Every structure is written in C-alpha cells, then in structure tokens.
Chemist: 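Here you go, one structure.
Excluded from the calculations below are hydrogen atoms, water molecules and symmetry mates; all remaining heavy atoms, backbone and side chain alike, are included. Every chain is numbered from 1 and lettered A, B, ... according to where its sequence line falls, protein lines coming before strand lines. Predicted, not measured: the structure shown is a model, and the values here were computed from it.
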Amino acid sequence: MSDGAGDGAGDGAGDGTGDGAGGGAAFEPRDERARRIAKVDALRAAGTDPYPVRFDRTHTAAEMHEQWDGIEDGSETTHEVRVAGRLLLKRSQGKLTFGTLRDGTGTIQLFVSRAEVGDSVHGAFDDLDLGDWIGVSGTVMKTRKGELSVKLRDFVLLAKALRPLPEKWHGLTDVDTRFRQRYVDLIANDDARRVFAIRFDVVATIRRLLVEQGFVEVETPVLHEQAGGAAAKPFETYHNALDTPLVLRIALELHLKRLLVGGMERVFEIGRVFRNEGLSTRHNTEFTMLEAYQAFADYTDMMTLTETLVTECARVCIGGTTVEVDGTTIDLSAPWPRRPMLDLIEEHSGQRVHPTMPVEELERVLDGLDVDHKPGWDSGQLILELYEKLVEPKITAPVFVCDYPRSVSPLARVHREDPALVERFEAVVFGRELANAFSELNDPIDQLGRFEDQAKLAAAGDEEAHGVDADYVRALEYGLPPCGGLGIGIDRLVMLIAGVTTIREVILFPHLRPEAGHDEPTEVEGGDNS
RNA sequence: GGGCCGCUAGCUCAAUCUGGCAGAGCAACGGGCUUUUAACCCGGAGGUUCAGGGUUCGAUUCCCUGGCGGCCCA
C-alpha cells in the first residue's frame with residue numbers, strides 16, 4: 001500500500017486526473033492527499049523518516065490526568081513526560097499553538113510555545129496535519145483556563161496520515177462509510193468507541209464468570225460435515241483434498257455436548273457461527289454465540305446462570321442493571337419472572353392451547369386471532385407462531401419464557417411433567433430473544449427419533465432442518481450425563497447493554513455488499529474462463 | 001423478496017417541492033494573532049451533484065433503469 005501511494009505521488013501532484021478514469025478514483029481526496037504526500041517527500045529529503053520504528057512513552061493520557069489533574073490552574077511543573085497519540089485538533093495562535101492529542105486512553109492537550117521550542121520545532125509542529133501520529137516530550141503544566149497540558153519541548157512524527165479526518169464537530173455520520181471504513185468511525189465517533197469498549201468488556205466478563213464457576217473454555221470445529229444444533233440454513237463449502245462437501249457451523253451445541261460425554265463436566269465456547277439468511281437490523285451473516293453446558297444441571301440452573309451473566313455484564317460495563325434502549329428504560333436486575341409459554345399465550349390471546357390439540361383446531365385459533373400460518377405446520381409450529389406473533393413483541397422487561405412444544409425443539413429433553421413439551425426457555429428482553437436454553441436431551445433413542453423427524457422435514461424442503469448426525473447419536477450412546485445447556489447471542493447482549501438498536505453497531509466489520517467501484521475484478525485476469 | 005426514504009466539495013449539510021451561473025460551516029491553502037478548547041479575524045480556492053439513459057432551449061432538480069445505503073414489512 002505504501003509503495004503504491006509513493007508511486008502515485010507524482011501523478012497525483014502532477015495533474016490530479018491521470019488516474020481519474022479508474023474505478024476507485026471517486027474515493028480519492030486527491031488534492032489533500034497529494035499535499036500530504038508532498039510533505040512526506042519533503043521530510044524524507046530533509047532526512048526525517050515519516051514512519052519511524054518505535055517510540056518510548058512514559059505516560060498515557062489517562063495516566064497523566066490521573067496523576068496531575070489536581071494541580072493548580074496556570075501552574076507549571078518540572079515533571080518530564082513522553083506521550084504519543086494522534087493529533088486530532090490544532091489551535092494556532094501565531095507564536096503559540098495548542099494541540100489535542102489522543103491515545104487509546106483519552107486526550108491530552110499540547111502547549112507549543114515558539115519562545116520555548118524555537119522557530120524550527122514550532123514551525124514543524126504547525127506543519128503537522130490533523131490525523132498524524134506523533135510522539136512528544138515535554139513537561140506537565142496546566143493552562144490558565146485549567147486544561148492539563150504537555151508543555152512541548154520536542155516531538156517526532158510517528159506516522160504521517162495522508163487522508164484528512166472527518167469533520168471535527170459532526171464527525172462521520174454516513175452509515176455506509178462508518179461500517180465500511182470502521183477505522184475512520186473509531187477515530188471520529190466517541191459512541192463507536194464506547195459501544196466496542198462495552199463489547200470487549202462483555203466478552204471478558206463472561207469468560208471470567210464462567211471460569212470462576214469451573215467452566216473450561218474450548219474450541220470446536222467451524223467446518224462441519226453436518227449442520228445441526230439450530231434451525232438455520234448453512235453456508236456450504238468444499239474441502240478439495242478430502243473431496244468432501246462441508247458446511248460452516250450454525251451452532252456450537254453438538255460438539256460441546258460430545259465433550260460432556262467425554263467427561264468434561266462444564267464447558268463453554270464463545271465462537272462465530274454463520275447463517276445463510278437475509279440481513280436485517282438484528283441479523284448479521286456471522287455472529288458470536290456463547291454456549292455453555294453444565295453436567296448434572298437442568299434448565300432452571302441455566303436460568304440462574306443467565307441472570308448472573310447478564311446482570312454482571314451490565315454492572316461491569318455500565319455500572320448498573322438499568323439500560324435504556326430506544327427510549328425505553330429496562331431493569332435487568334434478577335430474578336426474572338419464569339413463565340410457561342402456554343400461560344403467556346393465554347394471557348395475551350384468551351386462548352388456552354396445547355400441543356396435543358388437533359392441528360385443525362389450532363389452525364382455527366390462529367385464524368380467529370388473525371395470525372398467518374402455513375399448510376403442513378404441526379401443532380408445535382402453530383403454537384410457536386402464536387407466541388412469536390402475539391407475546392414476544394410485547395415483552396419488554398426480562399422474562400424466561402419456559403416449556404416449548406416438543407416438535408420445535410429437537411435437542412431438548414421432554415418435560416418432566418408434560419410429554420408434549422420440552423424443558424426449554426428463551427430469555428426475552430425488549431421483544432427479542434436474548435438466550436435459549438434446555439435441559440439437554442440425553443436419551444440416544446429419543447434423540448435419533450427427533451433427528452429422523454427433522455430429516456423428514458428437510459427431505460420435504462425445509463432448508464432450516466437437518467438430517468441425522470450419526471456420530472452425535474453414537475456419542476449419546478456412550479452416555480451424556482444429565483445437563484443444562486445455554487446459548488446467548490453475544491451481539492444481542494451487547495446491543496442491550498450498549499442501548500443500540502442495530503446489530504451492525506456492535507460488529508466491527510458488519511457484512512455489506514461489495515463496495516461500488518471495486519467491481520469487475522476478473523477483468524484484469526483475462527476472461528478466458530467461463 | 002416488497003414498500004418508503006436517501007446519495008451534492010475530504011467531512012457535515014443547503015439549493016430540488018415550483019427546472020434557469022451549485023452554496024455554507026469544518027478541513028485544506030495564504031495572511032494576522034503567546035492561554036486556546038468546535039479558538040478567533042481577513043482572503044483566495046476547492047464539484048463527474050452515485051452511474052447510465054430520457055424529456056427540455058436548459059436537469060442537482062422532472063421521468064426511466066441500475067448501484068449502494070437506511071427504515072419498515074415478509
């Protein structure tokens with residue numbers, strides 16, 4: 001990249017239109033870039049490396065504030081510091097220049113007096129561009145207005161920026177650019193940095209809590225021979241050397257439970273899963289799941305675990321369990337109500353339904369409530385549709401929705417009190433599924449039957465249903481201890497805690513269509529292949 | 001997949017409704033300024049108005065097609 005930029009310097013500075021016909025030309029701020037490249041050339045000609053190798057600093061911005069925010073306004077100290085960061089703002093007053101430097105911890109002001117540093121250093125500082133990375137040395141002071149500053153003695157350019165920063169007040173707001181060029185978004189938008197800081201804290205907090213509770217973190221394959229563990233359409237790929245079709249995983253579940261068969265009593269994985277479905281404000285092509293499995297536990301233990309994980313993440317990340325999403329305030333503090341799905345449906349519709357009811361009767365119930373359904377759905381699917389249409393969107397505060405119809409939950413064990421149901425819950429907050437958990441099915445014969453039911457659906461054209469995972473059944477035949485399993489969508493949890501409404505705000509590089517202007521990549525290769 | 005909306009200077013936005021020389025702020029450039037905080041003051045620049053086609057004497061504006069994005073729905 002730097003070579004290309006160097007080569008382009010002459011052209012760009014020369015007439016600025018030499019490569020104007022190129023597909024990417026619309027993205028080049030040519031004039032500004034050419035000026036900055038000329039500065040790089042001038043620096044090199046003067047013997048200064050615009051991209052030197054390293055810099056030793058003594059303090060971060062945050063450390064400086066922590067140590068010296070208390071000093072008197074207008075006071076100067078003899079404390080020597082070396083700080084480094086990106087120059088964000090410059091306020092030149094002739095013989096005195098103020099700069100705003102930002103590092104990974106915050107900002108610190110630079111105070112550059114011509115009388116102190118001399119014409120040469122002051123001139124070089126004024127010649128910096130916003131966006132440049134610099135390292136500075138100087139002493140700690142505070143201005144008359146009370147701004148903690150480094151009184152600069154000298155500085156070194158650490159990396160020259162060739163492209164201008166977005167507007168300093170409004171920042172970068174174009175959504176497309178923010179996602180495609182997340183690096184610029186992170187430079188320009190405090191909120192982007194805030195949201196991702198929350199994301200990193202959420203993941204770290206979950207790891208800490210689970211490890212504290214005796215869970216072992218594992219890594220299982222992303223490439224599977226057989227999709228399973230969720231109802232979703234997988235991405236298909238191909239292993240050339242093995243001459244085998246493979247799919248990208250849609251869930252972590254089946255491998256983690258194999259590990260419980262192997263005797264690992266508490267395991268978890270935080271991993272990427274891939275689902276080949278449409279994009280929306282709540283769906284990204286790839287997203288991050290936490291799944292945790294605990295031997296000798298059931299789904300009620302998973303409810304407690306869910307409450308612990310979610311409330312502790314909120315406390316760590318935002319200092320409390322009250323979050324605000326889209327103008328609605330939600331209290332996440334435990335305990336959360338535990339409500340059977342069939343009761344909730346009755347409350348919201350006045351209709352008492354049950355999976356043992358004849359399909360025709362359930363269809364009449366849905367018709368009467370104006371809920372669409374498809375021919376061929378069984379009673380479980382009809383009831384789930386009732387719930388998803390009439391109940392889920394109305395839930396705001398956290399609720400554990402418990403006890404799902406058996407036919408829509410092929411990996412959950414039959415309910416201890418009602419064989420038409422399974423011991424499963426989803427934690428629902430703000431109308432969205434946050435967690436999904438079961439008392440896991442560990443009867444291999446029952447599991448095989450459920451897989452066969454799914455295989456029939458798949459054979460009938462259901463792209464989200466999958467066939468029999470024979471190795472998984474074989475594993476169960478060695479004995480899976482009774483266990484509870486929990487899945488939490490990390491992205492959705494971060495959305496909730498950060499108070500954002502689209503999943504793309506919590507994914508660093510969300511999936512987008514290819515950028516315009518970078519199309520027709522095969523043209524250069526010579527189009528002799530079909 | 002459907003409906004609606006958007007795309008104008010590096011960035012943030014006007015002008016579009018009702019067709020008539022495309023503007024401002026920031027950034028950049030020149031000048032001034034030794035305690036600024038989005039510094040300020042003065043000056044001069046900067047445009048494939050997403051792309052292609054159509055209507056028109058004339059299109060950023062109206063129409064069509066396409067691209068990318070957003071919101072809502074499926």
Side-chain angles (χ1 to χ4, degrees), chain A residues 12-13 16-17 19-39 72-76 87-102 107-119 122 125-132 141-152 161-181 184-185 187-190 277-283 326 371-374 385 388-389 393 500-505 510-520:
Chain A
T17 58
D19 59 353
F27 301 97
E28 307 292 334
R30 277 192 297 272
D31 293 346
E32 175 68 8
R33 189 161 163 274
R35 252 193 303 277
R36 294 191 183 202
I37 288 171
K39 284 187 185 178
E72 291 275 310
D73 292 358
S75 65
E76 303 202 5
L87 186 64
L88 282 187
L89 295 169
K90 263 195 306 183
R91 297 175 289 280
S92 172
Q93 252 185 312
K95 298 188 181 65
L96 180 64
T97 301
F98 296 91
T100 301
L101 188 75
R102 184 168 71 208
T107 61
I108 187 74
Q109 179 166 268
L110 306 178
F111 180 100
V112 189
S113 163
R114 176 165 295 191
E116 297 283 338
V117 301
D119 289 0
H122 188 258
F125 188 87
D126 272 351
D127 207 34
L128 289 170
D129 288 301
L130 301 187
D132 290 349
M141 62 165 284
K142 202 176 234 189
T143 62
R144 292 172 201 165
K145 296 279 176 59
E147 185 77 28
L148 185 67
S149 308
V150 176
K151 185 174 185 180
L152 190 126
L162 299 184
R163 294 176 185 248
L165 296 177
E167 209 254 2
K168 65 187 177 188
W169 183 240
H170 300 93
L172 180 68
T173 62
D174 182 79
V175 175
D176 187 34
T177 309
R178 285 187 49 228
F179 295 158
R180 285 190 201 281
Q181 297 179 247
V184 182
D185 187 36
I187 294 169
N189 292 321
D190 292 342
E277 37 198 44
L279 302 174
S280 79
T281 52
R282 285 178 287 283
H283 298 86
D326 220 8
V371 175
D372 291 339
H373 53 87
K374 295 200 174 114
E385 187 70 11
E388 288 182 349
K389 282 292 177 314
V500 301
T501 53
T502 81
I503 198 169
R504 291 178 168 187
E505 295 289 350
H511 197 263
L512 300 170
R513 283 188 168 80
E515 189 170 2
H518 290 193
D519 52 359
E520 297 162 13

Chemist: Apply side-chain contact (heavy atoms from CB on, under 4.5 Å) to A:Thr177 and A:Val184, showing your working.
Modeler: CA-CA 8 Å; A:Thr177 309; A:Val184 182; 5.8 Å; no

Chemist: Between B:U35, B:A39, B:C29, which one does the side chain of A:Arg91 approach most closely?
Modeler: B:A39

Chemist: Any N or O donor-acceptor pair under 3.5 Å from the base of B:U37 to the side chain of A:Glu147?
Modeler: yes

Chemist: Does B:A39 have its OP1 or OP2 closer than 4.0 Å to a side-chain nitrogen or oxygen of A:Lys168?
Modeler: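 Checking A:Lys168 against B:A39: at least one side-chain N or O falls below 4.0 Å of OP1 or OP2.
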
Chemist: Using a heavy-atom cut-off of under 4.0 Å over every strand shown, decide if A:Gly74 touches base, sugar-phosphate, or nothing.
Modeler: nothing

Chemist: Quick one: which protein N/O atoms are closer than 3.5 Å to N/O atoms of nucleotides 7-9 of chain B? Pair and distance per line, please.
Modeler:
none

Chemist: Listed by chain and number, what are the side-chain hydrogen bond (donor to acceptor under 3.5 Å, both in side chains) partners of A:Glu388, not counting sequence neighbours?
Modeler: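 Listed in chain order: nothing, the list is empty.
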
Chemist: Using a distance-only test with no angle check, is there a side-chain donor-acceptor pair under 3.5 angstrom linking A:Arg91 and A:Thr100?
Modeler: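 Judged by distance alone, the side chains do pair up.
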
Chemist: Where the side chain of A:Lys90 meets the backbone of A:Leu128, is there a donor-acceptor pair that is under 3.5 Å apart?
Modeler: yes

Chemist: Base, sugar-phosphate, or nothing for A:Leu130, non-hydrogen atoms under 4.0 angstrom?
Modeler: sugar-phosphate

Chemist: Taking the P atom in each of B:C71 and B:U35, what is the distance between them to the nearest angstrom?
Modeler: 48 Å

Chemist: Looking at every strand, decide which applies to A:Thr143 at a 4.0 Å heavy-atom threshold: base, sugar-phosphate, or nothing.
Modeler: base

Chemist: Taking pairing as Watson-Crick or G-U wobble with both contacts under 3.5 Å, can you name the mate of B:G69, or confirm there isn't one?
Modeler: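 The base-pairing partner of B:G69, which may sit in any strand shown, is B:C5.
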
Chemist: Counting just side-chain N and O atoms, does A:Ser113 come under 4.0 Å of either OP1 or OP2 of B:U34?
Modeler: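 For B:U34, neither OP1 nor OP2 has a side-chain N or O of A:Ser113 closer than 4.0 Å.
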
Chemist: For A:Ala188, which contact category applies under a 4.0 Å heavy-atom criterion: base, sugar-phosphate, or nothing?
Modeler: nothing

Chemist: What's the CG-P distance between A:Leu88 and B:C26, to the nearest Å?
Modeler: 18 Å

Chemist: In whole angstrom, give the distance that lies between atom CZ of A:Phe111 and atom C1' of B:U37.
Modeler: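 The answer, rounded to whole Å, is 14 Å.
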
Chemist: In whole Å, what is the span from the CZ atom of A:Phe98 to the C1' atom of B:C33?
Modeler: 12 Å

Chemist: Which atoms of nucleotides 69-74 of chain B (N or O only) lie under 3.5 Å from a protein N or O atom, and what are those distances?
Modeler:
from	atom 1	to	atom 2	distance (Å)
B:G69	OP1	A:Arg513	N	2.9
B:G69	OP2	A:Arg513	NH1	3.1
B:G70	OP1	A:Arg504	NH1	2.0
B:G70	OP2	A:Arg504	NH1	3.2

Chemist: Taking the C1' atom in each of B:A59 and B:G52, what is the distance between them to the nearest angstrom?
Modeler: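 These two C1' atoms come out 15 Å apart once rounded.
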
Chemist: Would you please test A:Val112 and A:His122 for side-chain contact (heavy atoms from CB on, under 4.5 Å) and show each step?
Modeler: CA-CA 7 Å; A:Val112 189; A:His122 188 258; 3.7 Å; yes

Chemist: How far, in whole Å, is B:A24 from B:A14 if one measures between their P atoms?
Modeler: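 About 16 Å, rounded to a whole number of Å.
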
Chemist: Quickly work out the A:Lys90 NZ to B:C40 P distance and round it to whole Å.
Modeler: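 Spelled out: NZ on A:Lys90 to P on B:C40 is 15 Å.
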
Chemist: How far does the P atom of B:A27 sit from the matching atom of B:G10, given to the nearest Å?
Modeler: 16 Å

Chemist: Quantified in whole Å, what is the P atom distance between nucleotide B:C29 and nucleotide B:U18?
Modeler: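 It works out to 43 Å between them.
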
Chemist: Decide side-chain contact (heavy atoms from CB on, under 4.5 Å) for A:Phe98 and A:Thr143; before the verdict, give the C-alpha distance in whole Å, the side-chain angles of both, and the deciding distance to 0.1 Å.
Modeler: CA-CA 11 Å; A:Phe98 296 91; A:Thr143 62; 4.2 Å; yes

Chemist: By nearest nucleotide on RNA chain B, pick out whichever of A:Asp127 and A:Gly94 is the more 5' one.
Modeler: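 Looking at the nearest nucleotide for each, A:Asp127 comes out on the 5' side.
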
Chemist: OP1 or OP2 of B:C33 versus the side-chain N and O atoms of A:Thr97: is any pair under 4.0 Å?
Modeler: no

Chemist: Of all the nucleotides listed (B:U37, B:C26, B:C13), which has the minimum atom distance to the side chain of A:Glu167?
Modeler: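 Taking heavy atoms from C-beta onward, the closest nucleotide is B:C26.
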
Chemist: Could you tell me how far B:U8 sits from B:U61 if I compare only their C1' atoms? Round to whole Å.
Modeler: 11 Å

Chemist: Could you give the CD-to-C1' distance, from A:Glu32 to B:A28, as a whole number of Å?
Modeler: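 In whole Å, B:A28 C1' and A:Glu32 CD are 5 Å from each other.
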
Chemist: I'd like to check A:Thr107 versus A:Arg102 (side-chain heavy atoms, cut-off strictly below 4.5 Å). Are they in contact?
Modeler: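 SC-SC contact between A:Thr107 and A:Arg102 confirmed.
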
Chemist: Would you say that A:Leu512 contacts A:Asp176 through its side chain, given a criterion of any heavy-atom pair below 4.5 Å between the two side chains?
Modeler: yes

Chemist: Tell me the interatomic distance from A:Glu76, atom CD, to B:U34, atom C1', rounded to whole angstroms.
Modeler: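 Value for this atom pair: 12 Å.
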
Chemist: Between A:Asn189 and A:Leu172 (side chain of the first, backbone of the second, donor and acceptor by atom type, cut-off under 3.5 Å), is there such a pair?
Modeler: yes

Chemist: So which heavy atom on A:Leu89 is nearest to which on A:Lys168, and how close?
Modeler: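 Minimum heavy-atom contact is CD2-CD, 3.4 Å.
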
Chemist: When you get a sec, tell me which of B:U34, B:C33, B:U12 is the closest nucleotide to the side chain of A:Ala115?
Modeler: B:U34

Chemist: Do you know the tightest heavy-atom contact between A:Ala188 and A:Pro166?
Modeler: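 Heavy atoms of A:Ala188 and A:Pro166 come nearest at CB-CG, 3.9 Å.
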
Chemist: Does A:Arg114 or A:Gly171 map to a spot on RNA chain B nearer the 5' end, using the closest nucleotide for each?
Modeler: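 With A:Arg114 and A:Gly171 compared, the 5'-side residue is A:Gly171.
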
Chemist: Return the pairing partner of B:C62 with a 3.5 Å limit on both distances, Watson-Crick or G-U wobble; otherwise return none.
Modeler: B:G54

Chemist: In this structure, how many angstroms lie between the P atom of B:A27 and the CG atom of A:Leu89, rounded?
Modeler: 9 Å

Chemist: Whom does B:C17 pair with, Watson-Crick or G-U wobble, provided both distances fall under 3.5 Å?
Modeler: none

Chemist: Can you tell me which nucleotide in B:U34, B:U37, B:G25 comes closest to the side chain of A:Gln109?
Modeler: B:U37

Chemist: With rounding to whole Å, what would you report as the distance between B:A9 and B:G46 at their C1' atoms?
Modeler: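 Roughly 6 Å separates the two C1' atoms.
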
Chemist: Could you identify the nucleotide paired to B:A22, looking across every strand shown and requiring Watson-Crick or G-U wobble geometry with both distances under 3.5 Å?
Modeler: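 WC or wobble partner does not exist here.
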
Chemist: Of the non-hydrogen atoms in A:Asp132 and A:Arg36, which two are nearest, and what is the gap between them?
Modeler: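 Taking A:Asp132 first and A:Arg36 second, the nearest heavy atoms are OD1-NH1, 4.4 Å.
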
Chemist: Rounded to the nearest Å, what distance is computed from the CG atom of residue A:Asp174 to the P atom of nucleotide B:C13?
Modeler: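 Atom CG in A:Asp174 sits about 8 Å away from atom P in B:C13.
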
Chemist: Between B:U49 and B:C62, how far apart are the P atoms? Round to whole Å, please.
Modeler: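 Each nucleotide's P atom is 16 Å from the other's.
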
